[in-house]
Amino acid sequence: MTGRLAVSFAAALRAAALAAGASFASATLAQAHFQPEDIDMGRVQYHRTCAQCHGHNMVNSGTTVYDLRRFPVDDVERFQNSVTNGKGNMPSFKDALTPQQIELLWAYVGSRGGKEP
Ligand code: HEC
């Protein structure tokens, strides 16, 4: 119980650091296995910057906006490129997000929201 609490406190601290624009490199983009803290922080970031179009918890009809639950989890380069430069009706996030924040988003999307860490 105590350990669990400590873990979520650490996650909250890191989320606060993230909000403040701090950077850290705990996940590498090519990493197949994601850290639970990175997935959590990616989830927070996702709901700040992506959910308004892609849906709460990535749930959307997939008719006009890409269904991120189906994004190929082995194609991190495509993810990074599309988010950084934009695609179709999706704006570029080059100025809005740091590469570290995009890495955290990848931990969230690439793990299917933590279901396949
Ligand atoms: C303004 C609405 C909007 C926002 C905000 C948005 N997206 Fe998108 N996104 C789209 C649309 C529309 C597409 C489909 C683009 C296309 O294929 O023409 C898309 C497609 C994508 C794709 C698939 C691109 C590909 O390679 O086919 C990814 C990955 C993605 N979005 C991730 C994100 C992430 C991560 C965020 C948050 C940082 C985000 N999007 C925010 C509208 C949005």
Side-chain angles (χ1 to χ4, degrees):
M1 189 61 192
T2 318
R4 227 179 175 199
L5 209 70
V7 165
S8 57
F9 182 64
L13 272 184
R14 297 180 81 197
L18 180 71
S23 69
F24 40 82
S26 50
T28 58
L29 281 169
Q31 205 171 355
H33 294 278
F34 302 103
Q35 301 299 318
E37 312 92 84
D38 290 341
I39 296 170
D40 283 350
M41 285 188 291
R43 180 181 290 112
V44 170
Q45 185 64 58
Y46 171 87
H47 286 98
R48 253 182 226 147
T49 43
C50 321
Q52 64 268 40
C53 290
H54 287 281
H56 188 71
N57 294 334
M58 294 190 276
V59 178
N60 75 54
S61 66
T63 47
T64 53
V65 175
Y66 193 95
D67 185 344
L68 289 177
R69 293 167 297 175
R70 290 162 50 192
F71 191 84
V73 294
D74 59 354
D75 205 345
V76 58
E77 277 170 35
R78 174 173 152 190
F79 181 86
Q80 191 181 30
N81 184 50
S82 296
V83 177
T84 305
N85 302 315
K87 185 177 181 193
N89 287 329
M90 180 165 77
S92 158
F93 285 90
K94 199 183 296 189
D95 298 327
L97 297 171
T98 64
Q100 287 79 15
Q101 286 173 313
I102 295 175
E103 282 188 28
L104 295 174
L105 286 167
W106 175 242
Y108 176 66
V109 175
S111 68
R112 301 270 187 251
K115 293 195 185 89
E116 296 171 21

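For ligands, and for the atoms within them, numbers begin at 1 and follow the listed sequence.
Arg112 places a side-chain N or O within 3.5 Å of a backbone atom of Arg69 that can act as its donor or acceptor partner. Here the side chain of Arg43 pairs a donor or acceptor atom with the backbone of Gly113 at under 3.5 angstrom. For Asn57 (side chain) and Val59 (main-chain N/O), no donor-acceptor pair under 3.5 Å exists by modelled atom type.
Side-chain atoms of Cys53 and Met90, non-hydrogen and from C-beta on, never get closer than 4.5 Å to each other. Looking at Tyr108 and Phe34, their side chains never come closer than 4.5 Å, going by heavy atoms from C-beta outward. For the pair Phe79/Ile102, a side-chain contact is recorded, criterion being any heavy-atom separation below 4.5 Å from C-beta on.
Residue Ile102 places no heavy atom under 4.0 Å from ligand 1.
The contact set between ligand 1 and Arg78, taken as ligand atoms under 4.0 Å from a residue heavy atom, comprises 25 (C), 26 (O), 27 (O). If you number the atoms of ligand 1 from 1 as listed, the ones under 4.0 Å from a heavy atom of Thr49 come out as 5 (C), 37 (C), 38 (C), 41 (C). Residue-ligand proximity, Leu97 to ligand 1, at heavy-atom distances under 4.0 Å covers atoms 38 (C). Shown in contact with Leu105 at under 4.0 Å from a heavy atom are these atoms of ligand 1, numbered in order with element: 38 (C).
At a 3.5 angstrom cut-off on N or O pairs, Gln52 does not count as close to ligand 1.
Atom CD of Glu77 sits in a sparse spot, with 12 or fewer heavy atoms from other residues, nucleotides or ligands closer than 6.0 Å.
Residue, atom and distance of the protein heavy atom nearest to atom 18 (O) of ligand 1 are Gly88 CA, 3.5 Å. Closest protein heavy atom to atom 12 (C) of ligand 1: Asn89 CB, 3.8 Å.
With hydrophobic clusters built from ILVMFWY side chains whose heavy atoms lie under 4.5 angstrom apart, Leu105 shares a cluster with Phe93. No single ILVMFWY cluster, assembled from side-chain heavy atoms under 4.5 Å apart, contains both Val65 and Met58.
The proximity of Asn81 to ligand 1, defined as any non-hydrogen pair under 4.0 Å, does not occur for either the backbone or the side chain. Looking at Phe71 against ligand 1, only its side chain comes within 4.0 Å, counting heavy atoms.
Separating the CD atom in Gln101 from the CE atom in Met41 is a distance of 10.5 Å, to the nearest 0.5 Å.
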*Worked verdict on Leu104 versus Gln45 for side-chain contact (heavy atoms from CB on, under 4.5 Å)*: CA-CA 8 Å; Leu104 295 174; Gln45 185 64 58; 5.5 Å; no
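Excluding waters, the count of protein N/O/S atoms less than 2.8 Å from atom 8 (Fe) of ligand 1 comes to 2.
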